Amino acid sequence: MRFSFTEEQLVLRDTVTAVLADWCTPGDLHELYANDAPDAGRSHPRWNALFNLGITALHIPEVDGGLGLDDRELIAISEAAGRVALPEPLSETAGVVVPILVASGAGHHALEPFLDGGGAATLGGVTFTPSGPRIASVADGHRVRTSGITQATASHHLLAVSSASGPELHLAVTADGDLTRTTSLDRTRRLGTLTWTPTDATRLATGPLAATLLDQAVNRAALYSAAELLGLCDAMITLTAVYVSERKQFGVPVGSFQAVKHHLAGARVKLEFARPAVYAAAWSLATEHPSATHDISLAKSLASDAADEAARVSLQCHGAIGYTFEHDLHLLMKRAWALSAAWGDARSHRARLLNLLQAERSVLPS
Amino acid sequence: MRFSFTEEQLVLRDTVTAVLADWCTPGDLHELYANDAPDAGRSHPRWNALFNLGITALHIPEVDGGLGLDDRELIAISEAAGRVALPEPLSETAGVVVPILVASGAGHHALEPFLDGGGAATLGGVTFTPSGPRIASVADGHRVRTSGITQATASHHLLAVSSASGPELHLAVTADGDLTRTTSLDRTRRLGTLTWTPTDATRLATGPLAATLLDQAVNRAALYSAAELLGLCDAMITLTAVYVSERKQFGVPVGSFQAVKHHLAGARVKLEFARPAVYAAAWSLATEHPSATHDISLAKSLASDAADEAARVSLQCHGAIGYTFEHDLHLLMKRAWALSAAWGDARSHRARLLNLLQAERSVLPS
Amino acid sequence: MDLTFTPEHDAFRMEARAWLEANVPPPGALRSLDTAEGFDDHRVFERQLFDARWSVVSWPKAYGGREVGIMEWLIFEEEYYRAGGPRRVSQNGIFLLAPTMFEYATDAQLERYMAKMASGEEIWCQGWSEPDAGSDLAGIRSKATKTDGGWLLSGQKTWCSRGAFAHRCFGIFRTDPSAERHRGLTYFLIPMDAPGVTVRPIAQLDGETGFAEVFFDEVFVPDEDVLGTIGDGWKVAMATAGSERGISLRSPARYTEAADKLVDLLLATPVDEGHHLDPRSAIADEVMKAYADAQAYKLHTYMTATKVREGHTVGAEASATKIFWSETDVAIHRAALRLLGESAELEVDDGRGGTDLSEWLDGYLFALSGPIYAGTNEIQRNVVAERMLGLPRA
Amino acid sequence: MDLTFTPEHDAFRMEARAWLEANVPPPGALRSLDTAEGFDDHRVFERQLFDARWSVVSWPKAYGGREVGIMEWLIFEEEYYRAGGPRRVSQNGIFLLAPTMFEYATDAQLERYMAKMASGEEIWCQGWSEPDAGSDLAGIRSKATKTDGGWLLSGQKTWCSRGAFAHRCFGIFRTDPSAERHRGLTYFLIPMDAPGVTVRPIAQLDGETGFAEVFFDEVFVPDEDVLGTIGDGWKVAMATAGSERGISLRSPARYTEAADKLVDLLLATPVDEGHHLDPRSAIADEVMKAYADAQAYKLHTYMTATKVREGHTVGAEASATKIFWSETDVAIHRAALRLLGESAELEVDDGRGGTDLSEWLDGYLFALSGPIYAGTNEIQRNVVAERMLGLPRA
C-alpha cells in the first residue's frame with residue numbers, strides 16, 4: 001500500500017502541465033469560441049507539442065515502440081488537461097482509443113499513427129447506461145452514422161461501433177467519411193457526427209471481444225472524464241479564490257465574507273475527496289483489479305458532483321462578471337457541465353454501483 | 001380569491017394559543033419525559049381546558065350541537081398546538097376522528113363524547129403509501145391488534161380498521177381493550193398498541209364507504225401533521241434566533257456570523273413557503289375541492305422538508321447545548337423528526353403527487 | 001379563506017386567453033431578445049399587446065392599462081405563460097421603473113413616458129450597478145453636477161440589462177460629492193441617444209448581448225428628468241429594488257408552467273430497464289421537488305396578493321421571495337438538464353437554418369443569473385436573518 | 001501507486017480478525033457506555049483488548065502496543081468495525097490525549113499513565129470547553145494559580161465527554177491572568193477524585209449521560225502533572241485538536257461498515273408496487289451517495305496515511321477531513337432513518353426486558369454531534385477557506 005504518485009509520474013505530469021501552459025491559454029479558448037467554423041482553432045502546433053511528449057504512445061508496450069506506461073501515469077496528465085479545458089482529443093486518444101487498440105490485438109500498423117504519425121483519435125456513437133453501453137450508431141445503407149463524437153474535427157481516427165450484424169468495433173478514418181458539426185454550448189468540445197463505411201480494414205473486433213472492448217471503452221471514457229473534471233474543479237475554485245480575494249464590496253474583499261468562504265470551502269472539500277477515488281480507479285484499471293468497474297463508477301459520480309458544485313459556487317461567487325462571455329470562467333464551467341453529464345452522470349454511476357453491490361450480495365452466502 | 005384567515009378564525013386561534021401557553025409549557029414536557037410510565041403526565045386539566053373551547057366539536061354541524069366549522073379554523077389551531085409540541089390528541093380527535101365520524105353518518109351517540117363528554121380520540125393501524133393506505137392491523141383470533149397509535153394513553157377512543165372480512169372501520173373504546181405501550185424517541189408521543197374486539201357497536205362503515213373514509217382519515221392525518229410541523233418549525237427557529245442573539249463566542253453574538261444567519265434564513269424561507277400550501281390544502285379539504293389529495297401531498301412534502309431543515313439548523317446553531325436533554329430544543333426536534341416521517345414523508349408524498357399528475361395527463365387529450 | 005376566482009375573474013381570464021391564443025407567436029418565431037433583430041421582433045409584439053390593452057393591465061387606462069387589481073394581474077400572467085408568451089422586452093420599464101414612477105413621478109413625467117413605455121416605443125434599461133458597486137449599491141461613484149437647466153452626468157454603469165439596444169435609462173448618480181454611502185444620490189431618467197453616452201455591449205454566457213456597460217461623459221439631463229427630490233435618490237431607488245425583488249417581477253406562472261413542462265419531460269423520458277435502481281425515479285424526486293416549489297410559490301403569491309390588496313406592505317419578506325423564486329427557477333431547469341443527460345449541452349435547430357440553445361438550456365442560463373442579480377441571495381439571506389429573525393448585524 | 005496490502009499486512013489482518021471474531025461481544029451485550037454499569041462493561045472489554053495487545057496497536061510495546069505503522073492501525077480499525085466492536089470507552093485518552101503525550105510528556109509521565117490508559121484501568125475525559133468558550137477555545141477563563149509543589153485549579157469545564165464516570169481529566173487552564181486569548185495557558189493532567197472536583201452529569205438527547213460539567217474549586221495538581229511547558233498550553237492543546245479532527249480519531253471503517261449495512265437495509269426494504277415512481281429508487285440515490293462518500297473517505301485516508309508515513313504533516317487538510325467524515329456520518333444514518341420511515345422513531349427490545357434506541361437511531365443521534373464538536377464545521381470551513389484557499393480573514 002503506497003497511495004501516491006512516483007517521482008517519475010509527477011515529473012511527467014509537470015512536463016505536460018508546462019507545455020499546456022504555453023499552448024493552451026484562456027486566450028486560445030476565447031479565440032476558438034469566437035471562430036467556431038468546423039475546422040477553426042485547430043492547432044497543429046499544440047497537438048504536436050503534446051504528441052511529441054509521447055503521450056499517445058504511453059499505453060503502447062515498449063516492445064512495440066511505446067512508453068509501456070499505463071493509467072497511473074495518464075490519469076494525472078488528463079487532470080492537467082482538464083485544468084486548462086484542453087480542446088484536443090488527448091484523453092480520447094491516449095486514455096481510450098490507444099489502450100483499446102492495444103487490447104484488441106491490433107497490429108503495428110494500427111498503432112503506428114500514435115507512435116510517430118501525430119495521430120489523434122476519438123470515439124462516439126455510444127453512451128453510458130447503468131446496465132451497459134447503449135449503442136447510438138445508426139445504419140445508413142452500407143454506411144454508419146455515428147454521432148456524439150467529441151473533438152471530432154481535431155481527430156484523424158474514430159473508434160466506433162457498427163451493429164449491422166452484431167456489434168463490431170471499428171477504427172474509421174475521419175477523412176474518409178462525411179463529418180458534420182454539432183453545436184454544443186461548449187464550442188471547444190467540437191462535437192460532430194461522422195458518416196463512415198465499415199470495411200475489413202477498419203474492423204477491430206467482433207462478437208464477445210467487441211462487447212468487452214466496448215465496455216472498456218465506455219469505462220475508460222468515464223474515468224478520463226472524471227480526471228478532467230478534477231482539473232476543471234481545481235481551476236474554477238482557484239480562479240474564484242483569486243477573484244474574491246481582490247474584488248471589494250462594502251469596503252472589504254468579498255472573500256472575507258463567511259458565506260463566500262463557505263461556498264468555496266464546500267467545493268474544495270468535495271474536490272479533495274473525489275481526487276483519491278479517481279486515482280484509485282486508474283490504479284484498478286491499470287492493474288486489472290476486479291473492482292475496476294465499481295471504482296470507475298465511484299470516481300465518476302464523485303467527480304461529477306464535485307464539478308457541479310464547483311461550477312455553481314464559482315459562478316455565484318463571481319457575481320455578474322462570471323456571467324459574461326469575455327471572462328474566463330465560462331470556458332471552464334461549460335466544459336465542467338458537459339463532462340459532468342457525459343459518460344454517465346453522478347446518478348447513473350450511483351445506479352450502476354448499486355447494481356454491482358446487489359449482484360455481489362446475491363452471490364455471497366447470506 | 002381571498003387567501004387569508006378571517007378575523008374570527010384568528011381570534012379562535014389566539015384563544016387556543018393562550019390556553020396552550022398556560023397548560024403546555026416546556027416544563028410540562030420535560031416532566032412527561034422524566035416520568036414516562038404508561039399513564040404518566042396525563043393531564044386531565046389540560047385536555048379539559050382545550051375541550052372546553054369546543055375544539056373537538058368544531059367539525060360537528062350546528063344542528064347536532066357542534067360549532068359547524070371546518071378545517072379552515074382547525075388548521076391554524078393545529079399549527080398552534082405544534083408550536084408547543086402538545087402531547088394530547090387534539091389534531092387526532094378534531095382533525096381526523098370527529099370529521100370521519102361525521103362523514104360516516106354516525107349518529108348522535110357516537111358524537112356525544114366530543115360534544116360534552118371530554119372525549120379524546122386517536123387512530124392507528126394504518127400507514128400512508130403513495131398508492132393508498134396500508135393497513136397494519138393484525139387479526140388475533142376474534143380480536144384485532146392495532147399498533148402505531150399516537151397519544152394512545154391519552155385517548156378514550158380509537159379509530160381503527162378490522163380487515164377480517166373486507167376492510168371495516170371501527171371506533172373502539174380503548175378502555176375495553178388491552179393497551180401496551182411502545183417506546184418512541186419522543187416519549188411525549190405516547191405511542192401504543194391496542195388489542196380490541198370488533199363488534200356491531202364499534203362498527204362505523206364497511207365496503208366502499210370504509211375504504212373512502214380510510215383514505216380520508218390518512219389524508220387528514222397527513223394534513224394535520226403538516227400543520228403541527230409548521231408550528232414546530234416556527235418554534236425551533238424562534239428559539240434558535242433568540243439563543244444565537246445572546247450566546248457570544250469570539251466576543252460577539254454567534255448570530256452575527258453570516259454562516260449562522262444563512263442557516264436560519266434558509267430554514268425560515270422554507271417555512272415561509274410551506275405555510276400557504278398547508279393552509280390551501282385545508283381549504284381544499286374543507287370545500288371538497290377535487291385537488292384536495294394533490295394539495296395535501298404538496299403540503300405534507302413541503303412541511304416535512306421545512307421541519308427537517310429547521311431541526312437540522314437549530315441543532316447546529318445551538319451547538320452542544322442543543323444536544324442536551326435539559327434544553328428545550330429536543331422537545332421540539334424529536335416531535336419534528338417523528339411527524340416529518342409520519343403519514344408519509346416528503347418523498348412519499350412527492351411520489352403520490354407524480355402519480356396524480358401522471359393520471360391526470362393520461363386523461364387529458366394530448 | 002377562499003381560493004376560487006370570481007365569475008368576473010374567470011371572464012377576464014377567458015378574454016385574455018382568447019386573445020393570447022390568437023396572437024402569441026409560435027415558439028422560436030421571434031429572434032433572440034439579445035440581438036438587434038430580435039429586439040425589434042419583440043417590440044413589434046409589445047405593440048400588439050399594447051393595442052389590445054394587454055401590455056400593462058394594472059396601469060391607469062390613460063397609459064394603456066385596464067386599471068385592474070393584483071389578482072387580475074396574476075391571472076393575466078398565468079395566461080401569458082400558459083400561452084407561451086415571449087420574454088417581455090419592456091420588462092425593465094414596466095416592472096421595475098413603472099412602480100417607482102407611479103409613486104414619485106410628476107404628472108408631466110407620467111404623461112411624457114408611460115404610454116411610450118407601455119407600447120414598447122421606448123425601451124428602458126437600468127443603470128444601477130457600477131464596477132465597484134454591485135451588491136453594494138451605496139458605493140456608487142458616478143456623479144451629476146449642476147448646470148443651467150439640468151445636470152451633467154459622468155461615470156460608468158454596468159450590467160445594464162437591455163442596455164445594448166434600449167432608448168432610455170434610469171439610474172442613480174451622486175449629486176452631492178461630499179456625502180457618502182446612501183446620501184447625496186439622485187435618481188435620473190436619461191436618454192440613451194444623448195451626446196456623451198457610450199454603450200459597450202457585454203456578451204453573456206451564450207455569447208449574446210443581454211447587457212451592456214454604459215459610459216457617461218458630461219451627459220446633459222434636464223431638471224424635469226429628475227425623478228423625486230434631489231438627494232433623495234436612494235429612497236426612490238429602494239422602491240424600485242423592492243419591486244425587483246418582490247412579487248411584481250416574477251409571476252408564479254413562469255415557474256408553474258416551466259414545472260409542468262418539466263413533469264411532461266420526465267414522463268416522456270424512457271425508463272432504462274435491466275437494473276434495479278431506476279435512475280428516472282431518482283431524478284423524479286428532484287423533478288417533483290421543483291414542481292412542489294413552483295406550486296408553493298404560486299400559493300405564497302396568492303397570500304401576498306391578498307395582503308397587498310388589503311393594504312399591507314411587503315417588507316423584508318420580499319427578500320425571502322427573491323431567494324425562493326430564483327432558486328426554484330434554477331432547480332426546475334437543472335432537473336430538466338439532468339433528464340436530458342448528455343444531450344443537454346446540444347443546441348437545437350432554430351428553424352432559420354442555424355442552431356440555438358434549447359429552451360431548457362436557455363432557461364437554465366437565464367435562471368443562473370437569478371441568485372446573482374437584484375441583490376445576491378447572500379445579501380438577501382442577511383436581510384431575512386436580520387429583519388425577519390432579528391439576528392444582530394455583524 | 002499501489003493499493004494492495006503486503007503479505008505481512010494480510011497476516012496482521014488475519015490475526016486481528018481471528019481474535020476479534022472470538023472475543024467481540026454480540027450486539028447489545030454490553031450495556032450503554034453512557035451509564036455507570038455500561039461504563040464498567042466496556043472497561044472489561046478494554047482490558048481484554050489490552051491483554052491481547054489489540055487496544056493500542058501503534059503504541060510502543062512498553063505500554064501495551066505493537067509498534068506497528070499507520071497502515072496496520074487502519075487495518076486493525078477496519079477489522080474492529082467489521083467485527084462490530086463496541087464503542088471505545090477509552091477513546092478520549094488513547095486517540096486524543098495519547099498523541100499529545102507522546103509528543104510532550106516526560107518519561108515519568110508516560111510511565112505513570114500510558115499503560116493504565118491502554119488497559120482501561122484509567123479512563124480519561126477531556127476538559128476543553130467552558131460555558132463561554134465552545135468553538136472559541138482561546139476564550140478560556142478557568143485558571144490555575146501557583147502554590148507549593150503544584151497548582152490550584154478553579155473554574156468550570158463543560159461538554160466533558162465521559163466526564164460523568166472518568167478517572168482523570170486533561171485540559172487547559174489560564175496560568176497567567178494578565179495574558180489574553182491564546183497566551184498564558186497551561187495544559188494539566190488532573191485526577192477526578194481530587195478534593196474540589198465536582199461533577200454534574202449532563203444528559204444528552206437520548207437521556208443518557210454521555211458528558212458532564214466539571215467544577216474545579218482550588219483543585220491541587222502537582223507540578224509533575226503539567227504537560228509541556230508552563231504558558232505553552234495552547235500549542236500543546238492544538239496538537240490534540242489536530243488529532244481530534246485529523247485521521248486518527250475516525251477510522252474510515254466506521255463509515256464504510258455503516259454504509260455497507262445501509263446498502264443491505266436498502267436491498268431488504270420492500271418495494272411498494274402500484275405506482276410509477278418507486279420511492280425506494282428515490283432514496284436509493286441518497287443511500288448510494290452516502291456509500292460513495294464512505295468509500296471516498298477510505299481512499300482519502302489511504303492517501304493521507306501514505307503521506308504521513310513518508311513524513312508529511314497534516315495541516316489545514318485536517319479541517320477538510322473533519323467536515324467530510326462528520327457529514328458523511330450524518331448522511332449514512334439519515335438515509336437509514338428515511339428507509340425505516342415511520343418506525344425510525346421506535347425503540348427496540350434491548351434483550352434485558354427493556355427497550356433501547358435502535359442501532360440506526362443511536363448512530364444518528366451520535367452522528368449529529370459530529371458537525372458540532374471538535375470545532376464546529378462552520379469554524380472548519382473558515383479554516384479551509386483561509387488556509388487552503390488563501391481567502392482573506394474577516
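A, B, ... follow the sequence lines: proteins, then strands. Residue 1 opens every chain. Note that the structure is predicted; figures quoted are calculated from it, not measured. These numbers come from the heavy atoms of this one structure, side chains and all, not from hydrogens, waters or symmetry mates.
Heavy atoms closer than 4.5 Å to chain A are found in the side chain of D/Ile323, but not in its backbone. Only the side chain of A/Leu302 comes within contact range of chain D, with at least one heavy atom under 4.5 Å from a heavy atom of that chain. Within the 4.5 angstrom heavy-atom criterion, only side-chain atoms of A/Leu298, from C-beta onward, approach chain D. Of the two parts of A/Phe257, neither the backbone nor the side chain holds a non-hydrogen atom closer than 4.5 Å to a non-hydrogen atom of chain D. Looking at A/Asp305, only its side chain comes within 4.5 Å of chain D, counting heavy atoms on both sides. Only the side chain of A/Arg268 comes within less than 4.5 Å of a heavy atom in chain D; its backbone stays farther off.
Residues D/Asp329 and D/Arg334 are not paired through a salt bridge, judged by the lack of any N-O separation under 4.0 Å between the basic side chain and the carboxylate. Salt-bridge check for A/Arg2 with D/Glu310: passed, with a basic side-chain N closer than 4.0 Å to an acidic carboxylate O. A salt bridge does not link A/Asp345 to A/Lys300: none of the charged nitrogens lies less than 4.0 Å from a carboxylate oxygen. Under a 4.0 Å N-O distance rule, the pair D/Arg381/D/Glu378 does not qualify as a salt bridge.
The aromatic ring centroids of A/His349 and A/Phe128 lie less than 6.0 Å from each other.
With 3.5 Å as the limit, one finds no donor-acceptor pair spanning the side chains of A/Ser131 and A/Asn355.
Of residues 8-17 of chain D, no residue lies under 4.5 Å from chain A by any heavy-atom pair. Of all residues in residues 72-84 of chain A, those placing a non-hydrogen atom less than 4.5 angstrom from a non-hydrogen atom of chain D are A/Arg72.
Note on D/Asp2, D/Asp260, D/Leu299: by heavy-atom pairs under 4.5 Å with chain A, the leading option is D/Asp2. Per-residue heavy-atom pair counts under 4.5 Å with chain A were compared for D/Arg393, D/Lys289, D/Glu386, D/Glu317, and the maximum is reached by D/Lys289. The candidate with the highest count of non-hydrogen atom pairs below 4.5 Å against chain A, out of D/Leu3, D/Leu389, D/Val384, D/Leu391, is D/Leu3. Top candidate by heavy-atom pairs under 4.5 Å with chain D, chosen from A/Pro276, A/Ala277, A/Ser245, A/Ala299, is A/Pro276. For chain A, the option among D/Thr6, D/Asp264, D/Val287 with the highest count of heavy-atom pairs below 4.5 Å is D/Asp264.
Here the CD-OG distance, from A/Glu228 to A/Ser340, works out to 13.0 Å after rounding to the nearest 0.5 Å. Atoms CG and CG, from D/Asp285 and A/Leu354 in turn, are 9.5 Å apart once rounded to the nearest 0.5 Å.
Of the listed residues (D/Trp325, D/Tyr297, D/Tyr81), just one forms a side chain to side chain contact (heavy atoms under 4.5 Å, CB included) with D/Pro252, and that residue is D/Tyr297.
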**Study point:** side-chain contact (heavy atoms from CB on, under 4.5 Å) between D/Gln295 and D/Thr256, worked out
**Key:** CA-CA 6 Å; D/Gln295 292 287 317; D/Thr256 53; 4.1 Å; yes
Practice item. Decide side-chain contact (heavy atoms from CB on, under 4.5 Å) for D/Met1 and A/Phe3; before the verdict, give the C-alpha distance in whole Å, the side-chain angles of both, and the deciding distance to 0.1 Å. Key: CA-CA 5 Å; D/Met1 198 180 291; A/Phe3 189 14; 3.9 Å; yes
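Heavy atoms from other residues, nucleotides or ligands lying under 6.0 Å from CD of D/Glu327 number more than 12.
Minimum interatomic distance between A/Ile237 and A/Ala310 (heavy atoms only, all atoms of both residues): CG1-CB, 4.1 Å.
Using the six-membered ring where Trp is involved, A/His327 and A/Tyr243 have ring planes that are perpendicular, over 60° apart on the 30 and 60° scheme.
Cation-pi geometry between D/Arg66 and D/Trp73 is not satisfied (NZ or CZ under 6.0 Å from the ring centre, within 45° of the ring normal).
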